[in-house]
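Remarks on the structure that follows.
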Amino acid sequence: DGGITQSPKYLFRKEGQNVTLSCEQNLNHDAMYWYRQDPGQGLRLIYYSQIVNDFQKGDIAEGYSVSREKKESFPLTVTSAQKNPTAFYLCASSPRGSPHTGELFFGEGSRLTVL
Amino acid sequence: KNEVEQSPQNLTAQEGEFITINCSYSVGISALHWLQQHPGGGIVSLFMLSSGKKKHGRLIATINIQEKHSSLHITASHPRDSAVYICAVTENTGNQFYFGTGTSLTVIP
């Protein structure tokens with residue numbers, strides 16, 4: 001079945017550690033996104049990528065990094081510079097090359113807790 | 001100020017009731033999305049619409065572009081409809097999705 005796979009589903013990290021969240025899609029979508037979800041807030045865009053080897057900062061990119069070496073994969077690294085990393089992270093993709101258009105497809109999310 | 005506002009924030013209904021969730025937005029849009037977030041956290045797209053009305057099973061989505069308003073209706077609600085429903089819009093410049101904060105729906109048997 002086509003879809004988006006995020007891993008791990010739950011992750012615990014000590015302060016000062018970097019952690020990488022995986023996002024893989026087999027939908028052949030061009031655009032991929034990382035969102036952060038906090039209680040009582042709408043999804044906020046961290047990074048997005050329109051094509052391989054290209055990505056753009058979203059509204060809250062500080063303390064995060066991404067790569068897009070393959071069309072199928074868009075991993076997110078939460079670095080120690082991110083001041084408040086405990087959150088629910090959602091990866092999404094959409095079929096069109098133009099970002100922020102088309103139907104959105106989401107993964108199951110990764111919940112990161114910093115101890 | 002949020003570009004997308006939803007109401008109500010929380011909603012509890014008895015099984016079988018007709019449910020309406022509202023969404024208002026303040027930006028020019030090319031499309032509006034209704035999303036469903038399950039308790040485990042995964043999100044699925046229910047509808048993407050730019051005008052009129054769409055129906056899928058017991059779910060109906062409508063949009064009024066002039067009034068910048070959309071509604072999601074659930075007929076004959078069921079406990080499995082319990083989820084968070086999120087309204088999102090595609091800004092017409094194509095530069096951004098904007099998301100509402102969600103409506104948490106609980107349907108009691």
Side-chain angles (χ1 to χ4, degrees), chain A residues 1-11 21 23 25 27 29-48 50 56-61 86-113, chain B residues 1-10 21-51 54 56 59 61 63 70 72 83-104:
Chain A
D1 280 5
I4 299 178
T5 302
Q6 287 187 242
S7 63
K9 192 164 175 64
Y10 299 95
L11 186 59
L21 308 179
C23 177
Q25 54 102 355
L27 301 166
H29 287 174
D30 291 310
M32 297 187 74
Y33 315 82
W34 273 106
Y35 291 96
R36 172 179 170 141
Q37 187 178 38
D38 294 285
Q41 296 190 44
L43 275 66
R44 292 184 290 167
L45 181 65
I46 304 172
Y47 269 97
Y48 70 94
Q50 197 173 341
Q56 306 296 328
K57 291 183 179 180
D59 301 318
I60 55 166
T86 294
F88 189 62
Y89 292 90
L90 283 154
C91 179
S93 69
S94 61
R96 300 187 192 174
S98 297
H100 314 299
T101 60
E103 189 175 4
L104 276 171
F105 293 77
F106 285 87
E108 291 292 310
S110 295
R111 188 168 299 280
L112 172 63
T113 303
Chain B
K1 178 184 179 298
N2 292 332
E3 289 80 3
V4 178
E5 300 277 359
Q6 288 184 236
S7 64
Q9 202 170 359
N10 296 286
I21 299 170
N22 296 299
C23 174
S24 297
Y25 53 92
S26 58
V27 296
I29 70 168
S30 58
L32 183 139
H33 309 255
W34 280 104
L35 310 170
Q36 181 190 53
Q37 186 168 30
H38 294 287
I43 293 177
V44 296
S45 175
L46 298 175
F47 295 104
M48 184 175 78
L49 66 166
S50 55
S51 65
K54 285 192 175 181
H56 185 252
L59 274 58
I63 187 168
S70 175
L72 176 68
V84 175
Y85 293 84
I86 299 171
C87 174
V89 300
T90 300
E91 192 184 12
N92 57 9
T93 62
N95 289 329
Q96 186 71 280
F97 285 114
Y98 292 107
F99 295 85
T101 56
T103 294
S104 179

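We name chains A, B, ... by the order of the sequence lines, and we start the count at 1 in each one.
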If you count every heavy atom of other residues, nucleotides or ligands that lies below 6.0 Å from Gln41(A) atom CD, does the total exceed 12?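 Check passes, neighbour count above 12.
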
If you draw a 6.0 Å radius around NZ in Lys9(A), do more than 12 non-hydrogen atoms from other residues or ligands fall strictly inside?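 Correct, the count exceeds 12.
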
For Ser45(B) and Leu104(A), work out which heavy atoms get closest and say how close.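 Result for this residue pair: CB-O, 3.5 Å.
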
Is Leu90(A) close to Gln37(B) at the side-chain level, that is, under 4.5 Å between some pair of heavy atoms?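 Side-chain contact under 4.5 Å: yes.
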
Where on Gln37(A) is there a heavy atom nearer than 4.5 Å to chain B: the side chain, the backbone, both, or neither?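 Contact with chain B is through the side chain of Gln37(A) alone.
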
Interatomic spacing from CG in Leu43(A) to CD1 in Ile43(B) - rounded to 0.5 Å: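 Rounded to the nearest 0.5 Å, the CG-CD1 separation comes to 5.0 Å.
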
From Phe99(B) CZ over to Tyr35(A) OH, what is the distance, rounded to the nearest 0.5 angstrom?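 The CZ atom of Phe99(B) sits 4.0 Å away from the OH atom of Tyr35(A).
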
State which residues pass side chain to side chain contact (heavy atoms under 4.5 Å, CB included) with Lys54(B); sequence neighbours excluded, sorted by chain then number.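 For Lys54(B), the residues satisfying side chain to side chain contact (heavy atoms under 4.5 Å, CB included) (neighbours in sequence not counted) are Phe47(B), Leu49(B).
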
Report the C-alpha distance between Leu35(B) and Phe106(A) in whole Å, list the side-chain angles of each, state the deciding distance to 0.1 Å, and finish with yes or no for side chain to side chain contact (heavy atoms under 4.5 Å, CB included). CA-CA 10 Å; Leu35(B) 310 170; Phe106(A) 285 87; 4.0 Å; yes

